[in-house]
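Bear in mind that the values here come from a model prediction, so they are computed numbers and not experimental data.
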Amino acid sequence: MENTLKKHMDKKNIKNDILAGIIVALVSIPISMGYASLAGLPVVYGLYGSLLPVLIYGLITSSPQFVFGVDATPAVLVGGTLASLGIVGGSREAMELVPVITLVVAAWLLLFSVVKAGRIVNYISTPVMGGFISGIGITIILMQVPKLFGGNPGTGELFELLVHIILEFDSFNILSAVLGIATVVIILISKKISPKFPMSVILMGAGALSTAIFHIDRYGVKLLPKVEAGLPKFVVPDLTLLKNDTEEIIILGLTVALVIMAQTLLATNNYANRYGYKVNNNREVFAYSVSNVASAFMGCCPLNGSVSRTGIADQFGCKSQIMSITAALTMLLVVLFGTPLLQYLPVPVLTGIVIAALIGIIENKLAAKLWKVNRTEFFIFMAAMFGVLLLGTIYGVVIGIVLSFIAVIIRAVVPPTTFLGVIPGHEGFYNIKRNRNAREIEHTIIYRFSGTLFFANIATFQKEIEDAIQPDTRQVIVDASGIGSIDITAADRLLTFNKMLKEKNIKFYITEHVGNVNDQLRTLGAGSLVEEGVTRRTISLALRDAGVMRPYPLVGETVSEEDTKEFIEDNERLAEIEWAFGKDADEWLEKAAVRVVDDISKSNETTEDIILHAENSGEWGRIGLFDEDELLERVEMRLFAMTQYKDHNPEEIEKRIEERRLKVEEKIAKLNPEAIKTLHKHRDEVLARFKQNNPEGYRYIMERRKEHVEKLAGENPELAKKMKLLYHINDGEEDGEKENGK
C-alpha cells in the first residue's frame, strides 16, 4: 500500500492532488447525499460513506487517480430491491437491511478477487471500453439534467431518463436553469483557456455567497438539505436478516458486485491506458471489497467507482491517491464542522460541476478517430455505448465482451494477407503493393498469411493463392510467419491443396512458421507435408529447394552485378530438421543416412556429385547446411558396412564425403565464428553418441580418417591441414579425439 503511494507521489504534484481531493470531497457532498437517499438511507449516510471507505480505498488501490464512493448504479439497485420487498426508504427496517446488502456485496467482490475475475478486462478492446465509459457518462448526465432546472434526478435507461426529463419540466425554475447551464458553460470554457484553474471551487463559493446575500432559495432554487454534525456510529450488520429474503439479497449482492467490478475496472483501465500506467485488476477488486466492508460497518450502501468525480480529479491534475486521502479528511472536517454551511450550496451549481466533468469523459475524440481509420471498430464503439444507454450497465458489459470477441473473430476470419517479392540489391522479401521497387520472382508466388489458419479462413487462404496462379507458375511459397496455430479443417485442406498443386506440377511450400505448427500438422494427420519437405524453415530455403538460386530471376528485370553476391541463411536458420520434426529429428536423420548409403551403394557413379545426388533424392529434397553436415557424419559412420558392396570403394566414397563436408564448412564459415563453434560442438556430440552406441564402427571411421589425412599430407599439405581441423585429429592421438580444452 505504501509502495503504491510512493510510486505515484511527486512533490511537484502534491498541491494538485490536495486541491483535487478537496474539490472531489465538496462535489461528493450533494452527489453522495442524493444517492444515499436513492438507496433508502437518510442523506447524511452519503457523507459517512465518503469517510473511512474512501480512505481505505486510497491506501489499497493500485490506481493513482480513480475515485471511489457512493454512486448511482449500486444505490439505484439497492433502492429498487427495497421497494420490491415493501420496505420504505429511510425507515428503521431499511437502515438495518442496507448494511447487510453491502456486506454481501463485499463478500462477492472478495470471491471475485480470489478467483481473479478481474482478468475479464483483458478481453475488452479499446473501442468497447471507450463506448462503455461514454455510455455511462451520458447516462449519469441524463440522470442529473433535471437538477439543473429545479427537478429531481432520474433513474433507469435512456428512454426512461428522457421521459423523466420531459415530465420534470413541470418543476422548471428559470433561475435554477440559468445557474446550472451557466456553470457548465463557464467550466468548459475555463478548461479550454486555463485547464488547471480551479473554476469549480470559485463557482461553488459564488453559489454559496449568492444564497447568503441574495437568498436565491426564495426564488425556487433548491439547496442541499440540512445535516446534523457529528461522526457516524459503528454498525454491526445483522446477518440474521438474510433468512427472510435470502435469495433476493444474494442475487442483488451478486448483481451489484458485478456492476461495481465491471464498471469501475473498465473506467480505471481506461484512465490507465490514457496516461500510460498499469493497474493490478485483482488488487483493485480486493480494494472494492475491503472498502465495502468498511461501508457496511458504517451503516452505508454499496460503494462504486465514480466516473464523474474521477473526471473532476483529472481536471485538476490529480496524479496520486493523496487525492482520496485528502478527500476523506476534507469530508471528515465537513461532517464535524461544516454541515451548517451545506445548506447554502445551490443544487443547480453543484449539478453543473458534475455534468461538466462528465462531458470530459465522453470519448468523442476516440469515436472520431475510429470513424476515420476503422469503421468496423467505430460501430463496435457505438454498439457498446448504446448497449449501456438502452440496456444498463450489466447488459452493457455483456455486450462489450461479446463485441470484443466478435472483433477478434472478424480479424481472424479476414486476416491481413499480401504477396511478396524482392527488391534488387536488398535482402529479404517485401510487400509488392507497399513497395514500388519490389518485383516478383519469375514463376513464383510468395504469399503471406498473417493469422491463425482455421476452418473459417482456409477457403480465403486457398482462393487467394489460386487466383494468383498463372500458367507459368512453378512454385507457391507461403510466408507463414504470422500463423501460430492450425486446426484439423485447415490441415485437411492443406493436404488436398498440396495434392492439387502437385497434379499441376507446381511445388508447394509453407515457410517461416514456428516449429510448433509442424507438430500440429503431424498430430492432425498432415505429417506428410513435413515428411515431404513442404514445410521449410525460410522462404530462401524453399526457393533453393525449388532450384531458384540467387540472384533471383525477376519478372521484367535484368539481374545486376550487385545482386550476384552469394546469400547464406543466418546461423539460427541453418538447421531445419529439428525445427521440422522436433523430438523425432534424430530418427529422421538416421533413416535419411540409411537411404543415402543405400542409394550410393546402388549407384554406378563415382563423381563428386554422387553424395549430393543421394542427399537430394529423398522426399524432403535439399536440406540446410547444419543438417547436411550431420547427415554426412551419419553416412560416414555407416561406411564400415559398405565393405559388403563390391561396386564401390569405401575410401572413394569417404573422399567424396570429405569434399562435400569441406564445402559445407566453408559456406558456414562465411556467417560468423559462432556458427563454426556451434557446428564443431554439434559434430562432437554426434560422434560421442556414435562411439557409445557402436564402438566398432567408431574405431573403423577414426582409423580411416587418420589414414586418409596421413596420405593427403604428402599430396596436398593444405588440404590435409583442413582435414585435421575438420576431424579434430592431433598428432599422437590414436583415435582422433580432441584433447581436453581444445
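Relative to the six-membered ring of Tyr275, Lys319 meets both conditions, a distance below 6.0 Å and an angle of at most 45° to the axis.
Between the side chain of Asn270 and the backbone N or O of Leu266 there is no donor-acceptor pair closer than 3.5 Å. A side-chain donor-acceptor contact under 3.5 Å links Asn273 to the backbone of Asn269. Between the side chain of Thr255 and the main chain of Ile251, a donor-acceptor pair closer than 3.5 Å is present. At distances below 3.5 Å, not a single donor-acceptor pair connects side-chain atoms of Thr339 with backbone N or O atoms of Val335. When atom types are taken as modelled, the side chain of Thr310 and the backbone of Val67 share a donor-acceptor pair closer than 3.5 angstrom. Of the possible donor and acceptor atoms, one in the side chain of Gln321 sits under 3.5 Å from a partner among the backbone N and O of Ser63. Judged purely by atom type and a 3.5 angstrom limit, Thr211 uses its side chain to pair as donor or acceptor with the backbone of Gly207. Under the 3.5 Å distance criterion, the side-chain polar atoms of Ser176 are left unmatched by any main-chain donor or acceptor of Pro348. Side chain of Ser291 to backbone of Tyr288: no donor-acceptor contact under 3.5 angstrom is found. With Ser289 contributing its side chain and Ala106 its backbone, the two residues share a donor-acceptor pair below 3.5 Å.
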Arg283 and Thr61: CA distance, side-chain angles, deciding distance, side chain to side chain donor-acceptor pair (under 3.5 Å) verdict: CA-CA 7 Å; Arg283 180 171 169 179; Thr61 180; over 6 Å; no
Working for side chain to side chain contact (heavy atoms under 4.5 Å, CB included), residues Val98 and Leu82: CA-CA 9 Å; Val98 171; Leu82 292 181; 3.8 Å; yes
Worked check of side chain to side chain donor-acceptor pair (under 3.5 Å) between Thr264 and Asn304: CA-CA 7 Å; Thr264 311; Asn304 187 28; 2.7 Å; yes
Residues Lys222, Asn152; criterion side chain to side chain contact (heavy atoms under 4.5 Å, CB included); working and verdict: CA-CA 10 Å; Lys222 289 184 178 180; Asn152 297 309; 3.0 Å; yes
Trace of the side chain to side chain contact (heavy atoms under 4.5 Å, CB included) decision for Ile101 with Val256: CA-CA 9 Å; Ile101 295 172; Val256 173; 5.6 Å; no
Test side chain to side chain contact (heavy atoms under 4.5 Å, CB included) applied to Val27 and Met204, step by step: CA-CA 9 Å; Val27 171; Met204 201 177 296; 4.0 Å; yes
Chi angles and distances behind the side chain to side chain donor-acceptor pair (under 3.5 Å) call for Ser50, Ser32: CA-CA 8 Å; Ser50 303; Ser32 301; 3.3 Å; yes
Worked check of side chain to side chain donor-acceptor pair (under 3.5 Å) between Asp17 and Ser320: CA-CA 6 Å; Asp17 295 337; Ser320 81; 2.9 Å; yes
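Using the six-membered ring where Trp is involved, Tyr57 and Phe68 have ring planes that are parallel, under 30° apart on the 30 and 60° scheme. Phe379 and Trp371 have perpendicular rings, their planes meeting at more than 60° on a 0 to 90° scale where under 30° would count as parallel.
The side-chain heavy atoms of Met331 and Ile29, taken from C-beta on, include a pair separated by under 4.5 Å. No side-chain heavy atom of Leu111 sits under 4.5 Å from any side-chain heavy atom of Leu109. Two residues are said to be in side-chain contact when any heavy atoms from C-beta on lie closer than 4.5 Å; Leu223 and Gln343 fail this criterion. No side-chain heavy atom of Pro127 sits less than 4.5 Å from a side-chain heavy atom of Phe378. For the pair Met298 and Leu52, the minimum side-chain heavy-atom distance is below 4.5 Å.
Using a 4.0 Å cut-off between a side-chain N of Lys or Arg and a carboxylate O of Asp or Glu, Glu363 and Arg274 qualify as a salt bridge.
Taken from CD1 in Ile355 to CG in Leu142, the straight-line distance is 9.0 Å, to the nearest 0.5 Å. To the nearest 0.5 Å, the span separating CD1 on Ile312 from CD1 on Ile187 amounts to 7.5 Å. Rounded to the nearest 0.5 Å, atoms CG (Asn16) and SG (Cys318) are 9.0 Å apart. Note: Leu161 CG to Ile138 CD1 = 11.5 Å, rounded to the nearest 0.5 Å. In this structure, the separation between CD on Glu160 and CG on Leu167 is 12.0 Å, given to the nearest 0.5 Å. Atom CG of Leu242 is separated from atom CD1 of Ile250 by 5.5 Å, given to the nearest 0.5 angstrom.
For Glu284, there are no salt bridge (Lys or Arg N to Asp or Glu O under 4.0 Å) partners, not counting sequence neighbours. Taking Tyr344 as the reference, nothing meets the ring pair (Phe, Tyr, Trp, His ring centres under 6.0 Å) condition, with sequence neighbours excluded.
Residue pairs meeting the ring pair (Phe, Tyr, Trp, His ring centres under 6.0 Å) criterion with at least one member in residues 86-120, sequence neighbours excluded, do not occur.
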